[in-house]
Each structure stands twice: as structure tokens, then as C-alpha cells.
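These notes concern the structure reproduced below.
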Amino acid sequence: MTALTRETILPNGMKIFYLREEEVLTLYEQIQEYFRNGIELHEGDTVFDVGANIGLFTLCVYHLCNQNVNVYAFEPIPAIFDVLHANAQRVDPEKLRVFPCGLSREAKIMTFAYYPNATPLSNAYPEGLKEDREQLKRTVLKNLKDAPPFIRWLRWLPPFLSSFILDFKLEKAFQIETVNCQLRTISDIVRNHNIQQIDLLKVDVEKSELDVLLGIEEPDWQIIKQVVVEVHDFDSRVEKITTLLKEHGLSKITIEQEPIFKGSKIFNLYALR
């Protein structure tokens, strides 16, 4: 059975194609966190979904806005993009525009680490793989009651056993395939598609979030009304991104951690103009 014949139904009733069934509910729960701290969408809005994966955020936005919204969704990993494209095509290819590229500070080709057994972890910065894995293990074990449904049951086991099983799962999850991916910039997309306003810029790109924001040219900042971004706080990324957003008029900023990420370096940042 191929990815484009595997289907499931989301809690909101929408039917989707998927790559890995155990990821669907986890991703669906995660994207609900983006509609917090004053982030609002209305019919007729324009949304950028950067790091779209298979398109759950794109589809939820479409559902939320009563099928009247323009979404530009970006996914660089070819195997994931194929499913994103299929979901958008089936739902509304006119309003859900999908792009087989990532966004960054400049247009180029870059080698990504694709995790076929844990697709949301795929990223352009695999150098700290061992450290990432250890940090993820510590974070999950500490927050098991808030962990994704497919591993939440580990909280009922003795600590040594849950640690052993999680090691086994992470060994499988962190198997890598390298793929070359096209990168473009937000300003390039804005120019090419004559975009007058971005009502929400959502960025979830596994350590590349600052690169994405640095690809916005000065005049284009003014068309961005709201930003929600997952930030991996290495090299003072939270501080750098907060400063960058404030410098460009997105001054109402809230920083939070999802329960599963408590005590880690992963934060959600919400910014309003």
C-alpha cells in the first residue's frame, strides 16, 4: 500500500492521505497549539505554512475559515511533499497552493536529513544528531503524561523499562536518508505571486526558523500581520527572533512551551502586529 492509498479521518471530520499513521494525531494535536495568544484567522485571509509536512495545518486552516482562505504551503522533502500535494489537490487546489521547496535566507540547493520513520524531525541541520536524540529522550521521559498517544502508555512502566523501549523507538526514528532540496525565500514567493498581505506566517522547520525569517526583505515585513514559529533555542535563537520581529513592528510577543517540551530548548513564539 502506497502513501497515496493510505487514508484516515481527522478529528474535524476531514479525510486525508498520510505517510505514517502514528504521526497523524500527534501532528494534529500539535497544530492546535498555534491558535493561541491572540492568533486569529478569518475568511479571505492569506496564510503561509512553512514546513507543511503532509498539510495538516493547511487543511485545518481551510476548515477553520469555512473553505475561504488562501494558503501557500511549503515542504522540501519529496516523499512528504507528494502526500501534501495529494491532500491539497483533493481538497481545493485553487486555494491550497503547495510548493516542493523549503524557505530560507537565500535561494539554493541544500542537503536535508530525511527521517522516514519520524518525518516531522526531518531537517537541514543534522550535525547535532546524537545530542538531539538524547535531548528528545530526556524530554519525553520527563513529560510522558503529555507525550504523543503512541508512546504515552510508557508512563505505566518501570522507569528502566520505559527508557529501554524509548531507546529502541528512537534508534528506529533517527534513521536518516539524505536528500537534496530546493530552497527559496519568502520575498521571492511574495514577488512572484503578487501577495499583498500575509495574515499569518506559520513556521515549523526544525532549526531553520531564523533562516526563514532572514529571507524576508525589508519592504515585505509590513505585509505580515501575525507570526507563529517553533523555535529551537540554540545560539540564543529565541532572543534573536524576538528582536527581529520587534524591529519590524510585531511587538506583541508571547513565548510558551508545549507540555511535551517542558524543560527542553523547543518553544512556540507568537507575534502580533
Side-chain angles (χ1 to χ4, degrees), residues 27 30-53 55-62 64-65 68-76 84 88 95-99 101-107 120 123-124 183-233 237-238 240-256 258 266-273:
L27 287 169
Q30 183 184 24
I31 62 178
Q32 307 312 312
E33 295 294 319
Y34 294 142
F35 301 106
R36 293 166 54 83
N37 298 302
I39 299 294
E40 293 182 350
L41 285 174
H42 305 94
E43 291 187 33
D45 279 355
T46 295
V47 176
F48 270 38
D49 183 0
V50 187
N53 198 268
L56 295 196
F57 183 75
T58 287
L59 297 177
C60 281
V61 164
Y62 183 78
L64 183 68
C65 294
N68 181 16
V69 66
N70 296 298
V71 183
Y72 295 77
F74 306 87
E75 175 52 54
L84 167 65
K95 293 190 176 296
L96 308 180
R97 300 173 178 89
V98 297
F99 298 79
C101 66
L103 297 181
S104 189
R105 66 180 75 194
E106 61 182 345
N123 68 85
L183 297 177
R184 296 171 69 182
T185 71
I186 285 179
S187 287
D188 174 35
I189 302 295
V190 167
R191 273 193 306 272
N192 288 351
H193 295 271
N194 192 29
I195 294 168
Q196 302 300 310
Q197 182 162 305
I198 299 174
D199 297 283
L200 175 61
L201 169 62
K202 167 260 178 185
V203 182
D204 182 355
V205 289
E206 303 301 312
K207 303 184 189 176
S208 294
E209 50 274 2
L210 184 57
D211 296 332
V212 171
L213 298 175
L214 291 175
I216 304 171
E217 295 172 15
E218 200 66 36
D220 296 327
W221 275 104
Q222 296 310 309
I223 72 171
I224 300 172
K225 304 307 177 187
Q226 305 176 105
V227 176
V228 58
V229 53
E230 183 184 270
V231 183
H232 294 247
D233 193 27
R237 286 291 170 85
V238 168
K240 289 176 181 176
I241 290 174
T242 299
T243 300
L244 181 66
L245 294 172
K246 285 183 175 179
E247 284 174 351
H248 292 96
L250 290 142
S251 55
K252 185 181 178 184
I253 292 179
T254 306
I255 299 165
E256 291 183 344
E258 295 175 37
I266 300 176
F267 297 83
N268 281 347
L269 186 153
Y270 307 79
L272 310 175
R273 185 173 295 285

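All values below were derived from every heavy atom in this structure, side-chain atoms included, with hydrogens, water molecules and symmetry-related copies excluded. Remember, predicted model here, so these are calculated numbers, not experimental data.
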Nearest 0.5 Å please: distance from the CG atom of Leu103 over to the CG atom of Leu214. 12.5 Å
Over all heavy atoms of both residues, which pair between Leu272 and Gly38 is shortest? Give the atoms and the distance, please. CD2-O, 3.9 Å
Full working for side chain to side chain contact (heavy atoms under 4.5 Å, CB included) between Val98 and Glu75: CA-CA 8 Å; Val98 297; Glu75 175 52 54; over 6 Å; no
Do Asp49 and Lys202 pass the salt bridge (charged side-chain N to carboxylate O under 4.0 Å, His left out) test, and can you show the C-alpha distance, the side-chain angles, and the key distance before you say yes or no? CA-CA 5 Å; Asp49 183 0; Lys202 167 260 178 185; 2.6 Å; yes
How long is the span from the CG atom in Leu64 to the CG atom in Leu41, to the nearest 0.5 Å? 6.0 Å
Taking the side chain as every heavy atom from C-beta outward, state whether Val69 and Val47 have any atom pair closer than 4.5 Å. yes
Inter-residue atom distance Asp45.CG - Asn70.CG, 0.5 Å rounding: 9.0 Å
Lys95 versus Asn68: any side-chain heavy-atom pair under 4.5 Å? yes
On the 0 to 90° scale, with breaks at 30° and 60°, tag the His193-Tyr72 ring pair as parallel, tilted or perpendicular. perpendicular
So which heavy atom on Cys101 is nearest to which on Arg184, and how close? SG-CD, 3.8 Å
So, Asn192 side chain and Ile189 main chain: donor-acceptor pair closer than 3.5 Å or not? no
Begin with the C-alpha distance, continue with both residues' side-chain angles, and end with the deciding distance and a verdict on side chain to side chain contact (heavy atoms under 4.5 Å, CB included) for Val229 and Tyr270. CA-CA 7 Å; Val229 53; Tyr270 307 79; over 6 Å; no
For a 4.5 angstrom cut-off between non-hydrogen side-chain atoms, does Asn123 reach Val205? no
OG on Ser208 to CZ on Arg105, rounded to 0.5 Å: 9.5 Å
Taking atom OG of Ser104 and atom CG of Leu183, what is their separation to the nearest 0.5 Å? 5.0 Å
Least distance between heavy atoms, Leu245 atom then Ala271 atom: CD1-CB, 3.8 Å
Side chains of Asn53 and Leu27 in contact at under 4.5 Å (non-hydrogen atoms): yes
Should Leu200 and Ile39 count as side-chain neighbours, where that means a heavy-atom distance under 4.5 Å? yes
Can you check whether Gln226's main-chain N or O pairs, donor with acceptor, with Arg273's side chain at less than 3.5 Å? no
Minimum heavy-atom distance between Val190 and Ile198, given as atom pair plus value: CG2-CD1, 4.1 Å
Might you point out which heavy atoms bring Pro76 and Gly102 nearest each other, and give the distance in Å? CB-N, 3.4 Å
Quick check: do Asp233 and Ile266 have side-chain heavy atoms less than 4.5 Å from each other? no
Distance col, row Lys246:NZ vs Ser251:OG, nearest 0.5 angstrom, shows 8.0 Å
What residues, two or more places apart in sequence or in another chain, satisfy side chain to side chain donor-acceptor pair (under 3.5 Å) together with Glu40? none
Minimum side-chain heavy-atom gap Glu209-His232 below 4.5 Å: yes
Pair Asp220, Gln222: side-chain N/O donor-acceptor within cut-off below 3.5 Å: no
Test item: side-chain donor near acceptor, Glu218 and His248, under 3.5 Å: yes
Might you work through the side chain to side chain contact (heavy atoms under 4.5 Å, CB included) test for Leu84 and Phe99, ending with a clear yes or no? CA-CA 9 Å; Leu84 167 65; Phe99 298 79; over 6 Å; no
If the condition is ring-ring contact (aromatic ring centres under 6.0 Å, His included), which residues does Tyr34 pass it with, not counting sequence neighbours? Phe57
With Asn268, which of Glu256, Glu230, Glu258 fulfils side chain to side chain donor-acceptor pair (under 3.5 Å)? Glu258
Is any side-chain heavy atom of Ile186 closer than 4.5 Å to one of Leu201? yes
Val238 and Ile255: side chain to side chain contact (heavy atoms under 4.5 Å, CB included), yes or no, with the steps? CA-CA 9 Å; Val238 168; Ile255 299 165; 3.6 Å; yes
Short side-chain to backbone donor-acceptor contact, Thr185 and Asp188, under 3.5 Å: yes
